[in-house]
Amino acid sequence: MQLYNKKEAVQRMNELATQGKPFIFIINYAQDGSYIEEVNAVDPSQLLYQLNGYTNAPTPECGSIDKKHTESVLWEPHPISFPQYKKSFNVVMNNILAGNSFLTNLTCMTPISTNLSLKEIFYHSQAPYKLWLKDRFVVFSPEIFIRIHQGQISSYPMKGTIDATLPHAEELLMADEKEVAEHATIVDLIRNDLSIVASQVNVSRYRYVDSIETNHGPILQTSSEIRGTLPDDYLSRLGEIIFTLLPAGSITGAPKCKTSQIIAQSETYDRGFYTGIAGCFDGESLDSAVMIRFIEQSTDGLAFKSGGGITCKSCAENEYNEMIQKVYVPIY
């Protein structure tokens, strides 16, 4: 698959959408590397996708994928030390206290030991949006980026997580001051982002709860729905619309531009395709996801990339522990 720079990616998406040709797109966090391929040209030996029911993944023949039961899966994270995390956290917190950011999404890379291959994780994981790129990464994301259908654009920012087995878990999540403030900030940010490309933008659903099963047990997460109306010529400018909304607000923070600079100062690794976006255009409608729940392959082995939002109410110890708890795979 060919890798395009931003200018090339915008042009190719505009052209394919105008011609009504279905395509798959994968855009990295820095927006300087994008895979954009017509659906009929995607090689399933190199790229597998399951994007909310839109897929090229064949059903594995018996024995072709070693079906491991949940109890037999080896899954051992090797997180960075707390002092390492605290150093990055302090950079973020100092900027928040100085008024440079209201919310910053700080992420880390956690090496993992597992007896699952990237392709096995793709087939075993349960998520509405999944990708496997050979020898590169696997992603199993629950988070929608944007959807476009008949001139309507919608976004579903996801912020707020809790262990579903805790007593009164949903009530605790909905009442948590930090989670409430973080979610409100991101909803406001996404609403402003959509207003750049659409009209009549409104929050149609606010802080609804979804349940997700993981290999560590069920969790609850809160999302909101924001909708708007695109101009009549949106298909001819589809690439421009997508890139105008990047990077995704839920994995950067607010205000987006300054917070992105803080992220570059505080994080000690390259996000790469993690927290970028991926999706499909079927010739009429577009669906896409934020690439969270992400495992990358390198010469040193596999690494899980994860993080969370930091606000003025954040505690380093709590954020560190929550970051570690997010290193899971939702498997069946």
**Q** Test side chain to side chain contact (heavy atoms under 4.5 Å, CB included) on Ile27 and Leu246; report intermediate values, then the result.
**A** CA-CA 10 Å; Ile27 304 172; Leu246 294 176; 4.0 Å; yes
**Q** Is it true that, when you exclude Phe102 itself, more than 12 heavy atoms of the residues, nucleotides or ligands shown sit nearer than 6.0 Å to its CZ?
**A**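 Not more than 12 within 6.0 Å, no.
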**Q** For a side-chain hydrogen bond (donor to acceptor under 3.5 Å, both in side chains) check, start with the C-alpha distance between His78 and Ser113, then their side-chain angles and the critical distance, and finish with the verdict.
**A** CA-CA 8 Å; His78 307 284; Ser113 299; 2.7 Å; yes
**Q** Evaluate whether atom CD of Gln265 has more than 12 neighbouring non-hydrogen atoms of other residues, nucleotides or ligands under 6.0 angstrom away.
**A**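 Yes - once you tally the heavy atoms of other residues, nucleotides and ligands closer than 6.0 Å, there are more than 12.
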**Q** Please evaluate residues Phe243 and Lys6 with respect to the criterion side chain to side chain contact (heavy atoms under 4.5 Å, CB included), reporting the C-alpha separation (whole Å), side-chain torsions for both, the decisive distance (0.1 Å), and the verdict.
**A** CA-CA 8 Å; Phe243 277 90; Lys6 182 175 179 178; 3.8 Å; yes
**Q** Just to verify, what does Lys258 make a salt bridge (Lys or Arg N to Asp or Glu O under 4.0 Å) with, not counting sequence neighbours?
**A**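 By the salt bridge (Lys or Arg N to Asp or Glu O under 4.0 Å) rule, Lys258 matches no residue at all.
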**Q** Rounded to the nearest 0.5 Å, what separation is found between the CD1 atom of Ile242 and the CD1 atom of Ile146?
**A**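 Going from the CD1 atom of Ile242 to the CD1 atom of Ile146 covers 3.5 Å.
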**Q** Could you pull out the closest heavy-atom pair between Thr222 and Met174, with the gap in Å?
**A**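 In this case the closest contact between Thr222 and Met174 is CG2-SD, 3.8 Å.
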**Q** Are Arg136 and Glu296 ion-paired here, with the side-chain N under 4.0 Å from a carboxylate O?
**A**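 Salt bridge absent between Arg136 and Glu296.
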**Q** With a 4.5 Å cut-off on side-chain heavy atoms, are Lys130 and Leu48 touching?
**A**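 The answer is no, as the side chains (C-beta and beyond) never meet within the 4.5 Å cut-off.
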**Q** Considering all heavy atoms of both residues, which atom of Thr275 and which atom of Ile251 are nearest to each other, and what is their separation?
**A**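 The pair with the smallest heavy-atom distance is O-CD1, 3.5 Å.
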**Q** Do the side chains of Ile153 and Leu245 get nearer than 4.5 Å, heavy atoms only?
**A**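 In short, these two side chains touch, coming nearer than 4.5 Å.
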**Q** Can you confirm whether Leu131 sits close enough to Val138 that some side-chain heavy atom of one is under 4.5 Å from a side-chain heavy atom of the other?
**A**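 No, side chains not in contact.
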**Q** Got a sec, which residues hit salt bridge (Lys or Arg N to Asp or Glu O under 4.0 Å) with Arg205, two or more places apart in sequence or on another chain?
**A**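 Scan of Arg205 (salt bridge (Lys or Arg N to Asp or Glu O under 4.0 Å), adjacent residues dropped) gives Glu225.
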**Q** For Asn202 and Gln200, indicate whether the former's side chain and the latter's backbone hold a donor-acceptor pair under 3.5 Å.
**A**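 Checking the backbone N and O of Gln200 against the side chain of Asn202, a donor-acceptor pair under 3.5 Å is found.
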**Q** Measuring only between side-chain heavy atoms, which start at C-beta, is Pro79 closer than 4.5 Å to Val327?
**A**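 Result no, sub-4.5 Å side-chain heavy-atom pair not found.
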**Q** Can you confirm whether more than 12 heavy atoms, excluding those of Asp233, are under 6.0 Å from its CG atom?
**A**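 For Asp233, atom CG is crowded (more than 12 foreign heavy atoms under 6.0 Å).
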**Q** Please test Phe140 against Ile121 for side chain to side chain contact (heavy atoms under 4.5 Å, CB included), starting from the C-alpha separation and ending with a verdict.
**A** CA-CA 9 Å; Phe140 37 95; Ile121 292 171; 3.7 Å; yes
**Q** State whether a side-chain donor-acceptor pair under 3.5 Å links Ser288 with Tyr129.
**A**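 Tyr129 and Ser288 do not have a side-chain donor-acceptor pair below 3.5 Å.
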**Q** Under a plain distance cut-off of 3.5 Å, with no hydrogens placed, do His183 and Ser224 share a side-chain donor-acceptor pair?
**A**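 Per modelled atom types, Ser224 and His183 side chains form a pair under 3.5 Å.
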**Q** Quick one: are Leu194 and Val201 in side-chain contact, heavy atoms under 4.5 Å?
**A**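 Leu194 reaches Val201 side chain to side chain.
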**Q** Does the ring-ring contact (aromatic ring centres under 6.0 Å, His included) test come out yes or no for Phe273 and Tyr29, once each step is laid out?
**A** CA-CA 6 Å; Phe273 279 92; Tyr29 170 70; over 10 Å; no
**Q** With no hydrogens and no angle check, is any side-chain donor or acceptor of Asn5 less than 3.5 Å from a backbone partner on Gln31?
**A**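 Between the backbone of Gln31 and the side chain of Asn5 there is no qualifying donor-acceptor contact (under 3.5 Å).
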**Q** Ser34 side chain to Ile36 main-chain N or O, any donor-acceptor pair under 3.5 Å?
**A**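 No.
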**Q** Checking Arg147 now: which residues fulfil salt bridge (Lys or Arg N to Asp or Glu O under 4.0 Å) with it, not counting sequence neighbours?
**A**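 Arg147 satisfies salt bridge (Lys or Arg N to Asp or Glu O under 4.0 Å) with Asp287 once adjacent residues are dropped.
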**Q** Do Val180 and Leu172 sit in one hydrophobic cluster, given that two such residues count as connected whenever their side-chain heavy atoms are within less than 4.5 Å of each other, even indirectly?
**A**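 Cluster IDs for Val180 and Leu172 differ.
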**Q** Do Asn90 and Asn94 have side-chain atoms, one donor and one acceptor, less than 3.5 Å apart?
**A**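 On atom types as modelled, these side chains do not qualify, holding no pair under 3.5 Å.
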**Q** Within a strict 4.5 Å, meaning less than it, do heavy atoms of the Thr259 and Leu103 side chains meet?
**A**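 No, every pair of side-chain atoms sits at 4.5 Å or beyond.
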**Q** Throw together a table of side-chain donor-acceptor distances under 3.5 angstrom for residues 276-286, partners on residues two or more places apart or in other chains.
**A**
| from | atom 1 | to | atom 2 | distance (Å) |
| --- | --- | --- | --- | --- |
| Asp282 | OD1 | Glu284 | N | 2.8 |
| Asp282 | OD1 | Ser285 | N | 2.7 |
| Ser285 | OG | His149 | ND1 | 2.7 |

**Q** Between Glu267 and Ser88, is any side-chain donor less than 3.5 angstrom from a side-chain acceptor?
**A**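 Per modelled atom types, Glu267 and Ser88 side chains form no pair under 3.5 Å.
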**Q** The test is side-chain hydrogen bond (donor to acceptor under 3.5 Å, both in side chains); show your working for Tyr328 and Ser306 and say whether it passes.
**A** CA-CA 10 Å; Tyr328 64 81; Ser306 62; over 6 Å; no
**Q** To the nearest 0.5 Å, how far apart are CD1 in Ile112 and CG in Leu302?
**A**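 If I round to the nearest 0.5 Å, the distance is 5.0 Å.
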**Q** Can any side-chain N or O of Asn28 pair as donor or acceptor with the backbone N or O of Gly33 at less than 3.5 Å?
**A**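 Yes.
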**Q** Please tell me if the side chains of Tyr4 and Arg12 come closer than 4.5 Å, counting only heavy atoms from C-beta onward.
**A**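 Side-chain contact under 4.5 Å: yes.
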**Q** Which atom pair, heavy atoms only, marks the closest approach of Pro157 to Glu143?
**A**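 Smallest heavy-atom distance, with atoms named: CA-OE2, 4.1 Å.
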**Q** Parallel, tilted or perpendicular: which fits the ring planes of Tyr54 and Tyr49, with parallel below 30° and perpendicular above 60°?
**A**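 Parallel: the ring planes of Tyr54 and Tyr49 meet at under 30°.
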**Q** Please output the side-chain donor-acceptor pairs of residues 14-26 that fall under 3.5 Å, not counting sequence neighbours, one pair per line with the distance.
**A**
| from | atom 1 | to | atom 2 | distance (Å) |
| --- | --- | --- | --- | --- |
| Asn14 | OD1 | Leu238 | N | 3.1 |
| Asn14 | OD1 | Gly239 | N | 2.7 |
| Asn14 | ND2 | Val10 | O | 3.4 |
| Asn14 | ND2 | Glu240 | OE2 | 3.2 |
| Glu15 | OE2 | Gln11 | NE2 | 3.2 |
| Thr18 | OG1 | Asn14 | O | 2.7 |
| Gln19 | OE1 | Lys21 | NZ | 3.1 |

**Q** A side-chain contact here means heavy atoms from C-beta on lying under 4.5 Å apart; do Tyr234 and Ile241 qualify?
**A**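 Answer yes - side chains close enough.
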**Q** Measure from the side-chain N and O atoms of Thr104 to the backbone N and O of Leu106, and report whether any donor-acceptor pair falls under 3.5 Å.
**A**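 No, the answer is negative, given that no donor and acceptor are paired below the 3.5 Å cut-off.
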**Q** List the steps, then state whether side chain to side chain contact (heavy atoms under 4.5 Å, CB included) holds for Glu120 with Phe122.
**A** CA-CA 5 Å; Glu120 285 178 320; Phe122 174 86; over 6 Å; no
**Q** Can you name the closest pair of heavy atoms from Pro247 and Lys256 and give their distance?
**A**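 Distance-wise, the nearest heavy atoms are O-NZ, 2.7 Å.
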**Q** Determine whether the side chains of Asp43 and Ser45 contain a donor N or O and an acceptor N or O closer than 3.5 Å.
**A**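 Short answer, yes.
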**Q** At what distance, to the nearest 0.5 angstrom, does CD1 of Ile80 lie from NZ of Lys86?
**A**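 Separation between the atoms: 13.0 Å.
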**Q** Do we get Lys305 above Tyr274's six-membered ring, with its NZ or CZ under 6.0 Å from the centre and within 45° of the axis?
**A**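 No, a cation-pi geometry is absent between Lys305 and Tyr274.
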**Q** If you compare all heavy atoms of Ala254 against all heavy atoms of Ser101, which two are closest, and at what distance to 0.1 Å?
**A**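 Nearest pair, atom of Ala254 first, then Ser101: O-OG, 3.2 Å.
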**Q** Could you state the interatomic distance from CG (Asn105) to OG (Ser260), rounded to the nearest 0.5 Å?
**A**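 It is 10.5 Å, given to the nearest 0.5 Å.
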**Q** Looking only at atom types and distance, does a side-chain atom of Asn95 sit under 3.5 Å from a main-chain N or O of Val91, one as donor and one as acceptor?
**A**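 Indeed, once roles are kept as given, a pair shorter than 3.5 Å links the two residues.
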**Q** Hey, do the aromatic rings of Phe304 and Phe294 have their centres closer than 6.0 Å?
**A**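 Centroid distance Phe304-Phe294: not below 6.0 Å, so no.
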**Q** If I compare all heavy atoms of Trp132 with all of Pro44, which pair ends up nearest, and what's the gap?
**A**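 The answer is CZ3-O, 3.7 Å.
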**Q** With salt bridge (charged side-chain N to carboxylate O under 4.0 Å, His left out) as the rule and sequence neighbours excluded, what pairs involving residues 313-323 come up?
**A**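 Qualifying pairs: Glu177-Lys313, Lys178-Glu319, Glu322-Lys326.
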